[in-house]
Protein chains: 2
Amino acid sequence: MPLTIKVTEETFTPRQQAVLTAALDLLVENGDGLTMTAVARRASCSKETLYKWFGDRDGLLTATVQWQAAKVRMPQVDRSGLSAKTLRASIEQFARDLLTVITGEVSITLNRTAVTHAAQEKDSLGMIVLENGPLAIRRRLKPILEAGRDARLLRFTSSEDAYRTFFGLVVRDVQIRLLLGDKALTQTNVADNIEADVKAATDQFFALYGAKATTA
Amino acid sequence: MPLTIKVTEETFTPRQQAVLTAALDLLVENGDGLTMTAVARRASCSKETLYKWFGDRDGLLTATVQWQAAKVRMPQVDRSGLSAKTLRASIEQFARDLLTVITGEVSITLNRTAVTHAAQEKDSLGMIVLENGPLAIRRRLKPILEAGRDARLLRFTSSEDAYRTFFGLVVRDVQIRLLLGDKALTQTNVADNIEADVKAATDQFFALYGAKATTA
DNA sequence: TCGCAGGCGTACCGTACGGTACGGTTCTAG
DNA sequence: CTAGAACCGTACCGTACGGTACGCCTGCGA
């Protein structure tokens, strides 16, 4: 399977999507339990079909991650009619989206899979996850930030730095702890605190980059 | 091998440490290449000895991680004679230590190993890494922060929140991108920027929590 | 009705690797 | 000098899993 630049829902037939769903379910249920035999049994198809469609195990894994990533379509935030209020609402929404995604079971599983993959000098899965996680957020957030600057609501020199600070303020140590399986961070526990964390992170972001703030 | 509460250098004989060094080297060179046969060959010992000393593959892995973690002894920062200047220097030192560690090849390898491990419902390695990484920093940073607050140099209500914000400001998206194998983040590239990042993160931390700052 | 493509299920193969067994060697204690 | 413990090297076993081959069934177009 060659490098696929863009994966849409139509890239796979419904039957293939059913197979990928089975693969993703297995992955979530039991991280490394993604054996070709298990997928074939779960999806009620033959292994031969799997190899015909996806080439090899890595191809199936890649297709699964790409397909799942294509499903995550974050809500577009309106850029027009920018006011202090709407800007803040947009930023909060980004923070909420980000936290909701990274604390989700599917995201944790895919990130773990990609990290494992990267430990074997194969970074393709990592790039896919990056591309559809942090980088996707960045692509959508940067224009908002720059619009905020144009409207004299934000102050910064590098929108890249502003974005990365935002990421840090929102994610903090939550993602790495979840990936490492920290039991002190029960998922429900995290989910319950998302709203408070969103507000705190947004407050801090405006404290650093708001028009009235003085940054170094 | 039962749960070892604390691992010191003396926990293992020199010969055993040589074995663990070999294991760590193999892990760094080639993430998943840690086979018992490879370790035995690299360390010039027999597999039987490995099993006698470490029980099974997981025991060897755990011992390797624990032993490496025990080697990382971060420099203690002086808490006495707290002034604005020394406090800032301490904070900067923490930021520098944190960034230096997480961008190191060994840290990346161990984190990847622990994440992979956590994907198999085995969180012991994850806890060890957490305990000796983020949590170790936290244990040492919190007293400094609280001393800074007592000296009216910092303002915050929860030192836990202050620590986590510090972590986010320093680490941002660097760690997850390194774990995912982002090629855009060459290690040398990151290393060259550490000083600038340290300064920026410290500035932002003081902007949020410095005595003169107004936080929400 | 016939032929055939697509696909299911299963049996099969090769290999890699965790774990064990065992003979041979070195070192130490008595 | 000898007995035994520790340990090295290697051969071996069992299993899990990636990948292939093949027989069978179903649906569909001619």
Side-chain angles (χ1 to χ4, degrees), chain A residues 1-2 10-65 109 112-114 116-117 119-122 124-125, chain B residues 1-2 10-65 109 112-114 116-117 119-122 124-125:
Chain A
M1 171 162 296
E10 298 85 39
T11 307
F12 302 107
T13 67
R15 183 74 182 96
Q16 287 173 333
Q17 292 187 32
V19 170
L20 295 178
T21 300
L24 186 62
D25 287 350
L26 278 174
L27 221 49
V28 171
E29 284 171 25
N30 166 5
D32 65 338
L34 190 95
T35 70
M36 301 302 275
T37 306
V39 174
R41 189 159 39 226
R42 175 73 66 105
S44 292
C45 72
S46 74
K47 284 170 65 175
E48 196 167 20
T49 304
L50 291 184
Y51 284 102
K52 176 184 264 184
W53 285 349
F54 304 106
D56 57 5
R57 184 177 182 277
D58 251 32
L60 173 60
L61 219 48
T62 305
T64 304
V65 173
T109 299
R112 280 181 180 159
T113 305
T116 302
H117 214 245
Q120 308 165 2
E121 288 115 74
K122 298 188 271 184
S124 56
L125 281 191
Chain B
M1 170 163 296
E10 298 85 39
T11 307
F12 303 107
T13 69
R15 184 74 183 95
Q16 288 173 332
Q17 292 186 33
V19 170
L20 296 178
T21 301
L24 186 62
D25 288 350
L26 278 174
L27 220 49
V28 171
E29 284 171 25
N30 167 5
D32 65 338
L34 191 94
T35 69
M36 301 302 275
T37 305
V39 173
R41 187 158 43 225
R42 175 73 66 104
S44 291
C45 72
S46 73
K47 285 171 66 176
E48 196 168 21
T49 303
L50 292 185
Y51 285 101
K52 175 184 264 184
W53 285 348
F54 305 106
D56 58 5
R57 185 176 182 277
D58 250 33
L60 173 60
L61 219 48
T62 304
T64 304
V65 173
T109 299
R112 280 181 179 158
T113 305
T116 301
H117 214 246
Q120 307 164 2
E121 290 116 71
K122 298 188 272 186
S124 56
L125 282 192

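Lettering of chains follows the sequences in order, A, B, ..., and the numbering in each one begins at 1.
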Q: Name all residues meeting the side-chain hydrogen bond (donor to acceptor under 3.5 Å, both in side chains) criterion together with Thr109(A); count only those two or more places apart in sequence or in a different chain, and write none if there are none.
A: none
Q.
Measuring from atom OG1 of Thr64(A) to atom CG of Leu27(A), what distance do you get when rounded to the nearest 0.5 angstrom?
A. 7.0 Å
Q | Any donor-acceptor N/O pair, Gln16(A) side chain to Thr13(A) backbone, under 3.5 Å | A | yes
**Q.** Protein-to-nucleotide contact annotation, 5' to 3' order, nucleotides 4-18 of chain D [B base; S sugar-phosphate only; - none; under 4.0 Å, heavy atom]
**A.** ---SBB-------SB
Q) Donor-acceptor pair, Glu29(A) side chain versus Leu26(A) backbone, under 3.5 Å? A) no
Q: With sequence neighbours excluded, tell me which residues meet salt bridge (charged side-chain N to carboxylate O under 4.0 Å, His left out) with Asp58(B).
A: Lys122(B)
